[in-house]
Protein chains: 2
Amino acid sequence: MQEVPTKVTLVDVARMAGVGIGTASRALSNAKGVAATTRARVLEVAAEHHYVVSPEASRLAKGNTGRVALVVPHLSRWFFGSVVEGLDSVLHHANLDVLLYQVGDQQDRHDFFEQLPARRKVDAVVVVGFQLEDPERKRLESMGVQIVAAGGQSAAYPYIHIDDYAASRQAMDHLLYLGHTRIAMLEAVDPDQPHLVSRRSPAYYEALTEHGIQIDPALVLSGPWGGEQGATMMSRLLSIPKPPTAVFAHFDEVAAGAMRTLRRAGLQPGRNISLIGIDDHPIAELTDLTTIRQKPFEQGVEAARMLLKLLRGEQVENQAVAMPTELVIRGSTAPPTTRESR
Amino acid sequence: MQEVPTKVTLVDVARMAGVGIGTASRALSNAKGVAATTRARVLEVAAEHHYVVSPEASRLAKGNTGRVALVVPHLSRWFFGSVVEGLDSVLHHANLDVLLYQVGDQQDRHDFFEQLPARRKVDAVVVVGFQLEDPERKRLESMGVQIVAAGGQSAAYPYIHIDDYAASRQAMDHLLYLGHTRIAMLEAVDPDQPHLVSRRSPAYYEALTEHGIQIDPALVLSGPWGGEQGATMMSRLLSIPKPPTAVFAHFDEVAAGAMRTLRRAGLQPGRNISLIGIDDHPIAELTDLTTIRQKPFEQGVEAARMLLKLLRGEQVENQAVAMPTELVIRGSTAPPTTRESR
DNA sequence: AACACTTTCGGAAGCGTTTCCATACGAGTA
DNA sequence: TACTCGTATGGAAACGCTTCCGAAAGTGTT
């Protein structure tokens, strides 16, 4: 039924150009040892007949795949999508094909590394936003596959990330500078890797301690990642005897949830209570949320560049590249109002 | 430098299992004509030695690629990311590999179809969220590549979508039911395909007309897609002599921008003015926005299923599948307050 | 007991490249 | 003029699999 497009093979091209098959191949692949005129003739014939090399055959003969796998936990989230966009853009310009593997839950992830669907399918793997476990990494390495992480970190392979501690300090220092002393923290635990402790929390404790502020355990809440969780945690904060004057959320989306709670309570963020997040997620701009900006797209770009080097066999100087973050002030933060500050 | 992993080929497995190469192949590919015990033995040996077929060789021999290309304009947006998640999940379960092509601007897109990077690389192409132009489509078809669209539409190939007209009517009818008569519309034009007129606008006009309400051109604003644009358009609406009591935005993100403007003006959505969007984007939940829900993940799943059928050579009954949408009531809509209703 | 199937199996051919090797041809060199 | 070398070129071998074909062995029928 399906009309098969006319297939032109290398042999056809060679014959039509009146050269040998070897010469044709060399001409097409830009290898040297071919007379200029010969090459021109081959190229012309090839173009004329819309010849395209068969990737399968080429790779079978060459031994490499020209493909890279992107392993991502969640694609529909801004952060991950942006990183992938960045990766994709530079990888494609390098003439590599990008294979997508979404591994939402532990099960998917386990399957991915167990079945090695990537085996012999890719030259490299980019892990986006999570940490590879040791056996997983070994597995990949034993297959001769390069590994790079974007938006995650590890001691075992190169990665691009932001400095979570520093970013959190930026947030906390801003709140402290504004004069807040009663600051809450909404910790978000990644359900995919619950045991992973973020460097964002230590920043909170140390910032307070350095300012001589007593830590109040009642002001630290944690829950799974997500806006709804932020909303819930905020509700809890509003039901303690002396609610905070400012809230530091680990993620903008959590902060957005908290903001909804505030609004429902008739409170105005930035007026009655200050709120700061991390990410500069688009929602931050649309809800007037002060935040610490990071640029996931750029992280993807950087990771891809690093990968390209690795693939070329070059040595990479920095195994870990930290991308900058910056404070973006919007309407959700302000000095504490007198009534509440004391 | 790079330690080449021990390669186990089919021949090795066959020898180790004490069978012929043909039998080994059949056993591994689950073809019939192999005794159960023989198959078991082969499988065991294969597993033991972590054997995985070489996709290149397999495909070279078979003639198909086992790969599908996903062409997506924006990955970092919720809608597109979700569709891709849906596609990815079912495609992978069908043992197909997913190749990702992000074509942000017209240039990328042109390059993609011009250079045919997909040629002989994929069996099918899924276009996510935009319309293929005629020459592009022909090009693909002439290569014997199947086409399916998710979240876009076309008369020329199968697609999954939502009924934009119906969804918009749901939104408008809700507003009208609540008693609003002065309803504005924030049209969003897709910068990628500016000439494409959405079915969302006609729904607005017809709903009003059917209710005997005079169309007021001052209440219809349009601009490029995005939250910032929504904010700007809302500002404009607040500066006309008699602002609307309700606003219908083509997208939740546009509505979110509008909401920010309202808040900055000291107005409360759902109290002073009603606001409704379309999508049920996560931001809608976090901002208490009433909306018409669509499920992009499901659209991806459905599109992938359809593609699978096509790939199997089966006939597809419905060239166009419309997925349901539903009204989700949140805090941003309410009957008009008396002062404003008249 | 002979015959016709059916099931299982082994191996050769072929998929479309790349690459290595042998050959041919000129151009320098002594 | 004879000899050496480097550059072009053709073609075979190899890449690792699927599939086709014929052989072998088992089953059932008359």
Side-chain angles (χ1 to χ4, degrees), chain A residues 4-43 45-46 49-67 95 97 116 119-123 143-144, chain B residues 4-43 45-46 49-67 95 97 119-121 123 143-144:
Chain A
V4 177
T6 338
K7 267 195 202 159
V8 186
T9 76
L10 180 64
V11 181
D12 300 323
V13 174
R15 186 169 28 72
M16 292 186 293
V19 301
I21 159 180
T23 306
S25 172
R26 276 178 294 249
L28 261 353
S29 64
N30 236 306
K32 60 180 180 179
V34 182
T37 68
T38 312
R39 162 161 305 153
R41 186 150 31 92
V42 173
L43 256 28
V45 171
H49 293 262
H50 290 186
Y51 169 77
V52 181
V53 302
S54 152
E56 325 297 340
S58 165
R59 269 131 199 188
L60 175 54
K62 267 210 283 248
N64 76 346
T65 71
R67 269 177 249 127
N95 265 315
D97 278 324
L116 296 200
R119 171 144 194 207
R120 295 163 154 211
K121 281 190 181 172
V122 297
D123 300 330
M143 289 158 34
Chain B
V4 177
T6 339
K7 268 192 199 160
V8 186
T9 77
L10 180 64
V11 180
D12 300 324
V13 173
R15 186 168 29 72
M16 291 187 292
V19 300
I21 158 178
T23 307
S25 172
R26 276 178 294 248
L28 289 167
S29 63
N30 236 307
K32 60 179 179 182
V34 183
T37 68
T38 312
R39 163 161 305 153
R41 186 152 30 94
V42 173
L43 256 28
V45 171
H49 293 261
H50 291 186
Y51 169 77
V52 181
V53 300
S54 151
E56 325 297 342
S58 165
R59 269 131 200 188
L60 176 54
K62 267 209 284 248
N64 74 350
T65 71
R67 268 175 251 129
N95 265 317
D97 277 324
R119 171 142 195 209
R120 293 167 155 212
K121 282 190 180 173
D123 299 330
M143 287 158 36

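These figures come from a predicted structure and were not determined experimentally. Sequence lines set the chain letters: A, B, ... in the order given, protein chains first and strands last, and positions in each chain run from 1. Just so you know, these numbers use all the heavy atoms, side chains as well, and skip hydrogens, waters and symmetry mates.
Taking the side chain of S54(B) as heavy atoms from C-beta on, and the options dG16(D), dT19(D), dG11(D), the nearest nucleotide is dG16(D).
In terms of heavy-atom proximity, A14(A) sits nearest to G20(A) at CB-O, 3.8 Å.
The side-chain heavy atoms of D97(A) and K121(B), taken from C-beta on, include a pair separated by under 4.5 Å.
Rounded to whole Å, the distance from CG on D12(B) to C1' on dG16(D) is 10 Å. To the nearest angstrom, C1' of dG16(D) lies 6 Å from CG of L60(A). Taking atom CD of E56(A) as the reference point, atom C1' of dT18(D) lies 14 Å away to the nearest angstrom. Residue R59(B) contributes atom CZ, which lies 10 Å from atom P of dT18(D) at whole-angstrom precision. Nucleotide dT9(D) holds its C1' atom 12 Å from the CZ atom of R41(A), rounded to whole Å.
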Given side chain to side chain contact (heavy atoms under 4.5 Å, CB included), test V19(A) with R41(A) step by step and report yes or no. CA-CA 9 Å; V19(A) 301; R41(A) 186 150 31 92; 3.8 Å; yes
What verdict does the side chain to side chain contact (heavy atoms under 4.5 Å, CB included) test give for R67(A) and R67(B), after you've listed the backbone C-alpha separation in whole Å, the side-chain angles of each residue and the deciding distance to 0.1 Å? CA-CA 12 Å; R67(A) 269 177 249 127; R67(B) 268 175 251 129; 3.2 Å; yes
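Counting 5' to 3', DNA chain C first comes under 4.0 angstrom of a heavy atom of chain B and last does so at the ends given by dT8(C) to dT17(C).
Side chain of R39(A) to backbone of A31(A): a donor-acceptor contact under 3.5 angstrom is found.
A salt bridge does not link E56(B) with K62(A): every distance from a Lys NZ or Arg NE/NH1/NH2 to an Asp or Glu carboxylate oxygen is 4.0 Å or more.
The CD1 atom of I21(A) sits 10.5 Å away from the CG atom of D12(A) when rounded to the nearest 0.5 Å.
Residue R59(B) forms a side-chain contact (heavy atoms from CB on, under 4.5 Å) with just one option from D123(B), N64(B), V53(B), and that option is N64(B). With V42(A) as reference, L28(A) is the one residue of L28(A), L10(A), V34(A) to meet the side-chain contact (heavy atoms from CB on, under 4.5 Å) rule.
Among the heavy atoms of the strands, none lies under 4.0 Å from S29(A).
Each of K32(B) and G22(A) was matched to the nucleotide of DNA chain C holding its nearest heavy atom; the match closer to the 5' end belongs to K32(B). For A36(B) and A61(B), each mapped to the nucleotide of DNA chain C holding its nearest heavy atom, the one lying further toward the 5' end belongs to A36(B).
Computed from C1' positions of five pairs at each end, the angle between the two local axes of the helix from dA1(C)-dT30(D) to dA30(C)-dT1(D) equals 40°, rounded to 10 degrees.
Contact of R26(A) with dG10(D) (side chain to base): a donor-acceptor pair of N or O atoms is detected under 3.5 Å.
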